[in-house]
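Note: hydrogens, waters and symmetry copies are ignored here, and every other heavy atom, side chains too, is used.
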Amino acid sequence: MARSVVGKAVRPAHYVAGEFRPAGAARFPLVDPVDGAVVGEVPEADRETVDAAVAAARAALAAWGGSPVEVRAGALRRIADGVEARFDEFVDAEVADTGKPRDLAASVDIPRAIGNFRAYADLLYGRPERAHSTAVPGWSGGTGQALNYTVRRPLGVVAIVSPWNLPLLLLTWKVAPALAAGNTVVAKPSEETPSTATLLAEVIHEVGLPVGTFNLIHGHGAGAAGEFLTAHPDVDAIAFTGESATGTAIMRVAAEHITPVSFELGGKNPAIVFADADFEQAVAGTLRSAFTHSGQICLCTERVYVERSIHADFVAELGRRAAASTDYGPMISAAHRDKVLSYYRLAVEEGATVVAGGGVPSFGDERDRGFYVEPTVLTGLPQSARTVREEVFGPICHVAPFDTEDEAVALANDSPYGLAATVWTRDLSRAHRVAPRVAAGIVWVNCWNLRDLRTPFGGIKASGIGREGGEYSLDFFSEPVNICIAI
Ligand code: NAD
């Protein structure tokens, strides 16, 4: 097979029914966010390509869905090994598409993608009672004795649509459990980040799953490949990560065929810092939670509530460190840079005090043609300000004071979103009291983004539907079927 890597650039291709498809006439440019240069072309899947991918996935279902656990687990392990064997290529491709610091791609994105496949290979063995059956002797309404047992069936053809911020990590976070549970897949990565998904298709091709088990299409979302896929009548489930507004659009078309959805959506994540917190740990943790990957992680903190007695010191120290940071990547695109800068302007119009950042940095090199914005710390806005309520998805956080525990919880919960939250305190009782009251799917205490892949991951309110992680993903990607035998 001819590999799609040319130097460090990847030539994105669709992968349908076990073949890499030559691009049709419709293509769009791939832009390097570091300097704005056009570095390649991405094929745009038309309806016919999407139909072919879904049909291929349907045709593969019996072979893959009916394969024994050890076959599926073995394939997942070989995919993990295959990604690991080409680790540097994957890192290069992720860095080329996103502009993120190489350290981040090499320590988080690619290792986690490998880990996703291994974790689900392991989990398949860890749940025999689910993968096989549970026998429960019982009786039914006085009409006779019965033996009930439950088996889990794959859902069928699963559409996976993923965003650009952690491209391979978030794609494989769904592909691995979907395949583990015996489904076949049609995946569409973000139009901004097609490269590592293409490399993954190459690895899967070499591993040799039944033809059509995994298919990859590229293209845009609304009115294009993403919508063709999620509106497809022969798709049995949709697993989506992206903006809440896109979730609304997908849910609308999914309603037509009552297609089940798993949604990981946007956030406006709060941090609560109590005066009894370890000050250094809280500042350093908040710096990391607000500015990792230039704030372009769904779990990043954009609202910080600090107990009034330490608010001024906290704001000053966070601002000093944000202003001093230099090793950060760009926004993913010119359009996203413009969106983030529009919030920087809006914050000032709304009356914010800009403690750090607020503009475009000047590096004196090619990055000045790229899509960079400064890490920005704000204070002084009311809770009703749009800057405090709307997801920016950039390196921005607003720091407001609070006086009581109840007020802190109320402020944290006053949001249409509920993905993740962070609580900083040295008081164990307070931590246990406050954490369950915060309306979010994940609450970290004295840490941020510390992940165990077996734990439930997901949001409440506009941040999503359902949970991923460990058993939770396997539950979404399969249907329990009860079998009742009269005895
Ligand atoms: P996005 O919603 O713009 O795009 C995500 C994917 O959906 C892309 O592949 C896109 O092509 C596709 N898409 C867009 N419109 C579509 C439509 N109408 N029908 C079908 N597909 C469509 O999101 P993004 O800008 O790529 O990512 C950033 C967003 O993702 C942020 O809101 C962030 O909070 C969220 N996010 C959430 C999580 C989480 O786990 N909750 C993780 C990462 C990112």
Side-chain angles (χ1 to χ4, degrees), residues 1-23 27-33 39-45 49 53 75-102 104-118 120-121 160-176 178-179 185-209 211-219 225 241 332:
M1 183 196 56
R3 285 188 172 179
S4 61
V5 178
V6 185
K8 286 192 172 179
V10 172
R11 212 178 284 138
H14 307 308
Y15 179 64
V16 174
E19 290 180 349
F20 288 89
R21 288 204 160 193
R27 296 157 193 217
F28 57 94
L30 184 60
V31 175
D32 184 345
V39 290
E41 280 190 325
V42 188
E44 176 80 52
T49 307
L76 295 182
R77 284 192 215 292
R78 290 200 301 283
I79 295 170
D81 294 345
V83 176
E84 199 163 49
R86 295 174 68 182
F87 189 86
D88 289 342
E89 279 176 64
F90 275 89
V91 172
D92 288 343
E94 207 70 300
V95 171
D97 278 3
T98 60
K100 67 175 62 180
R102 200 183 159 77
L104 195 58
S107 65
V108 176
D109 295 72
I110 309 307
R112 248 299 293 280
I114 295 166
N116 288 340
F117 285 105
R118 294 206 171 123
Y120 280 100
I160 292 177
V161 179
S162 54
W164 47 259
N165 62 331
L166 300 163
L168 191 69
L169 188 161
L170 290 173
L171 184 78
T172 54
W173 184 230
K174 298 179 192 301
V175 169
L179 292 178
V185 168
V186 180
K188 193 200 83 63
S190 167
E191 57 273 29
E192 313 278 2
T193 52
S195 299
T196 47
T198 305
L199 294 181
L200 177 69
E202 292 183 359
V203 166
I204 290 178
H205 185 80
E206 279 162 11
V207 163
L209 307 189
V211 165
T213 300
F214 175 81
N215 305 270
L216 178 71
I217 55 162
H218 295 287
T241 298
I332 187 69

**Stepwise side-chain contact (heavy atoms from CB on, under 4.5 Å) test for D109 and K100** = CA-CA 10 Å; D109 295 72; K100 67 175 62 180; 2.6 Å; yes
**Message:** Testing the basics here: between R118 and E84, what is the closest heavy-atom pair and its distance to 0.1 Å?
**Reply:** NH2-OE1, 2.8 Å
**Prompt:** How long is the span from the OG1 atom in T193 to the CG atom in L166, to the nearest 0.5 Å?
**Reply:** 9.5 Å
**Asked** What orientation do Y15 and H205 show, parallel under 30°, tilted 30 to 60°, or perpendicular over 60°?
**Response** perpendicular
**Prompt:** Which distance, rounded to the nearest 0.5 Å, do you find between the OG1 of T213 and the CD1 of I204?
**Reply:** 9.5 Å
**Asked** Can you find a side-chain donor-acceptor pair between S162 and K174 that sits under 3.5 Å?
**Response** no
**Message:** What I'd like to find out is whether the side chain of T241 reaches to under 4.5 Å of the side chain of W173, using heavy atoms alone.
**Reply:** no
**Asked** At what distance, to the nearest 0.5 angstrom, does CD of E41 lie from CZ of R11?
**Response** 10.0 Å
**Asked** Which value, rounded to the nearest 0.5 Å, describes the distance between E191 atom CD and H218 atom NE2?
**Response** 11.5 Å
**Prompt:** Is a donor on one side and an acceptor on the other found under 3.5 Å between the side chain of D32 and the backbone of G99?
**Reply:** no
**Message:** Checking T196 against D97 for the side-chain contact (heavy atoms from CB on, under 4.5 Å) test, could you report, in this order, the C-alpha distance in whole Å, the side-chain angles of both residues, the deciding distance, and whether it holds?
**Reply:** CA-CA 9 Å; T196 47; D97 278 3; 5.5 Å; no
**Request:** Report the C-alpha separation of V186 and V16 in whole Å, then their side-chain angles, then the decisive distance to 0.1 Å, and conclude whether the side-chain contact (heavy atoms from CB on, under 4.5 Å) test is met.
**Result:** CA-CA 9 Å; V186 180; V16 174; over 6 Å; no
**Asked** Taking all non-hydrogen atoms of both residues, which atom of L179 and which atom of L209 are closest, and how far apart?
**Response** CD1-CD1, 4.2 Å
**Fill in**
Between I217 and A53 the two heavy atoms that sit nearest each other are CG2-CB, 4.0 Å
**Message:** Please give me the minimum heavy-atom distance between P12 and P194, naming the atom from each residue.
**Reply:** CG-CG, 3.6 Å
**Request:** Dump the intermediate steps for side-chain contact (heavy atoms from CB on, under 4.5 Å) on V203 and F117, then the final yes or no.
**Result:** CA-CA 12 Å; V203 166; F117 285 105; over 6 Å; no
**Prompt:** At what distance, to the nearest 0.5 angstrom, does CD of E206 lie from CZ of R78?
**Reply:** 12.0 Å
**Message:** Is the shortest side-chain heavy-atom distance between I79 and L200 below 4.5 Å?
**Reply:** yes
**Prompt:** Is a donor on one side and an acceptor on the other found under 3.5 Å between the side chain of N215 and the backbone of V185?
**Reply:** yes
**Message:** Counting C-beta onward and ignoring hydrogens, is there a side-chain heavy-atom pair between P189 and L170 closer than 4.5 Å?
**Reply:** no
**Considering all heavy atoms, the nearest T98-I332 contact** = CA-CD1, 3.9 Å
**Prompt:** If you measure from CD1 on I110 to CZ on R112, what distance do you get to the nearest 0.5 Å?
**Reply:** 11.5 Å
**Prompt:** What closest approach, in Å, do A225 and A45 show between heavy atoms, and which atom pair accounts for it?
**Reply:** CB-O, 3.9 Å
